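Note that this is a predicted model, so its numbers are computed, not measured. We name chains A, B, ... by the order of the sequence lines, and we start the count at 1 in each one.
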Protein chains: 2
Amino acid sequence: MSTKSAARPGGRSARVQQAVHEAVRGLDGELARERLTVPLIAERAGVTPSTIYRRWGCLRELLADVAAQRLQPEAPLAQTGSLAGDLFAWTQEYMEEMTSTPGRQVLADVLGSTHQERRTRCWQWQRDQLSLLLERAASRGEAPLPGVEQLLDGVMAPLIYRLSYAPHTLDEARLRHWIRQTLDEAVAAPSAARGET
Amino acid sequence: MSTKSAARPGGRSARVQQAVHEAVRGLDGELARERLTVPLIAERAGVTPSTIYRRWGCLRELLADVAAQRLQPEAPLAQTGSLAGDLFAWTQEYMEEMTSTPGRQVLADVLGSTHQERRTRCWQWQRDQLSLLLERAASRGEAPLPGVEQLLDGVMAPLIYRLSYAPHTLDEARLRHWIRQTLDEAVAAPSAARGET
DNA sequence: CTGCTAAGGCAAATATTTTGCGTTTGAGGC
DNA sequence: GCCTCAAACGCAAAATATTTGCCTTAGCAG
């Protein structure tokens with residue numbers, strides 16, 4: 001579709017997309033955000049502005065597209081030997097990255113997109129990561145385990161909520177608190193009780 | 001400062017601000033979001049575009065300014081007789097309002113602002129509302145009560161998180177679940193145990 | 001190799017944002 | 001009430017950004 005990653009993999013489309021994304025990432029680091037313009041990006045990427053406008057619509061959507069890719073997990077997830085440890089390692093890194101000024105910008109860019117679909121995709125990635133951690137824990141024989149939804153609501157939600165609205169209130173202690181609390185709940189009320197995925 | 005509500009209350013500044021805000025609210029309902037432009041708003045408000053640019057900087061910030069006011073609580077909060085009931089009444093109305101397309105737009109507009117300060121202010125309002133509900137519960141003699149932070153993390157966070165990323169997963173049952181769970185936690189671990197405000 | 005279509009280039013036409021400068025407004029001193 | 005002063009606005013020109021029509025190119029399919 002419109003802003004899909006690659007209409008024809010390996011073709012010109014893909015090359016243009018990559019050049020533009022790279023130009024954005026490059027320029028974003030070099031100059032203040034308000035100086036970032038489509039014509040500027042186009043020049044750096046070696047394309048004409050109209051190409052960008054036709055594919056992405058506007059600067060906002062282009063930035064959201066680039067930012068969304070940055071939210072995509074690439075690191076293979078640490079294996080600490082326990083669900084609590086894995087969770088902490090992952091969310092802590094996430095927090096670290098997103099409390100930085102550029103990190104918050106990434107979050108804001110994604111939220112700034114008009115397309116709900118894009119945000120939902122990011123959410124899905126987070127969900128998948130958590131599922132993976134749960135699977136690993138299950139295969140290690142850990143029990144009882146919380147459901148994915150419990151982890152989303154109990155750990156990710158407070159984290160993202162505070163990142164967006166009150167980043168200065170975040171610290172590792174809170175993170176640990178949310179994780180411990182969510183895991184404790186799972187002990188008190190086995191996850192099978194609610195029909196989670 | 002720059003986008004402050006009223007530099008000179010009652011003066012021309014205030015009149016212009018009101019006219020512009022009204023123009024935004026009016027036009028926002030009449031045409032598609034992508035057709036909303038500064039010159040259009042200026043015309044409707046009876047001012048010149050440059051006035052808007054000088055005061056708000058850009059469309060994005062103007063929209064954020066208007067949206068932030070909509071997030072400000074105006075309804076005096078229902079009094080149902082119990083903390084659980086008050087919480088549900090308030091959050092349910094909030095959810096109802098924000099799951100609508102225009103409501104989500106309001107949230108997105110606020111998140112789209114460059115000024116962290118604006119978002120923090122919105123968060124502070126939510127915090128104040130919750131504090132008020134807690135005070136009332138306390139004066140009714142309800143105990144044990146959760147802390148404000150518990151309510152923020154346990155109820156508001158999942159609500160806002162899902163509103164932003166996965167609004168289709170929201171429903172009243174979840175809301176009730178979060179509220180019940182958070183209140184139950186307060187029973188299990190008295191709030192005084194953690195040094196919350 | 002040939003035809004076909006999606007995507008890109010180019011440049012003209014529009015629309016927007018920015019800026020300099022003169023004018024108005026309203027607060028405060030007298 | 002009158003005067004002074006600075007902030008905020010209006011206006012219009014200049015600078016930028018965005019949109020659009022038309023033509024060219026690239027790459028897939030037969």
Pick base, sugar-phosphate or nothing for B:Ser50, based on heavy-atom distances below 4.0 Å to the nucleic acid.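 Answer is base: heavy atoms of B:Ser50 come under 4.0 Å of a base.
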
Within the structure, does a side-chain N or O atom of B:Tyr53 lie under 4.0 Å from either OP1 or OP2 of C:dT18?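 Looking at the OP1 and OP2 atoms of C:dT18, neither is under 4.0 Å from any side-chain N or O of B:Tyr53.
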
Name the closest nucleotide to the [X] side chain, picking from [options].
X: B:Arg15; options: C:dG26, D:dA26, C:dG9; answer: C:dG26
X: B:Pro39; options: D:dG10, C:dT16, D:dC9; answer: C:dT16
X: A:Thr51; options: C:dT24, D:dT25, C:dG9; answer: C:dG9

Ionic contact status for [Y] with [X], cut-off 4.0 Å:
X: A:Glu97; Y: A:Arg70; answer: no
X: B:Arg174; Y: A:Glu149; answer: yes
X: A:Asp109; Y: A:Arg118; answer: no

Measure the acute angle between the ring planes of B:Trp56 and B:His21, then classify it against the limits of 30° and 60° as parallel, tilted or perpendicular.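 Because their plane-to-plane angle lies in the 30° to 60° range, the rings of B:Trp56 and B:His21 count as tilted.
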
Record whether the side chain of A:Arg55 comes under 3.5 Å of the base of C:dG9 through a donor-acceptor pair of N or O atoms.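 No pair found.
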
Hey, does the side-chain of B:Arg54 have a donor or acceptor N/O within less than 3.5 Å of a partner on the base of D:dG10?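 Per atom types, the contact qualifies.
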
What is the distance, rounded to the nearest whole Å, between atom CZ of B:Arg12 and atom P of D:dA7?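 Result: 13 Å.
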
What is the distance, rounded to the nearest whole Å, between atom CZ of A:Arg35 and atom P of C:dT17?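 Atom-to-atom, A:Arg35 to C:dT17, this comes out as 16 Å.
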
With nearest nucleotides of DNA chain C determined for A:Thr48 and B:Pro49 from heavy-atom distances, which residue corresponds to the more 5′ nucleotide?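 Between the two, 5'-proximity favours A:Thr48.
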
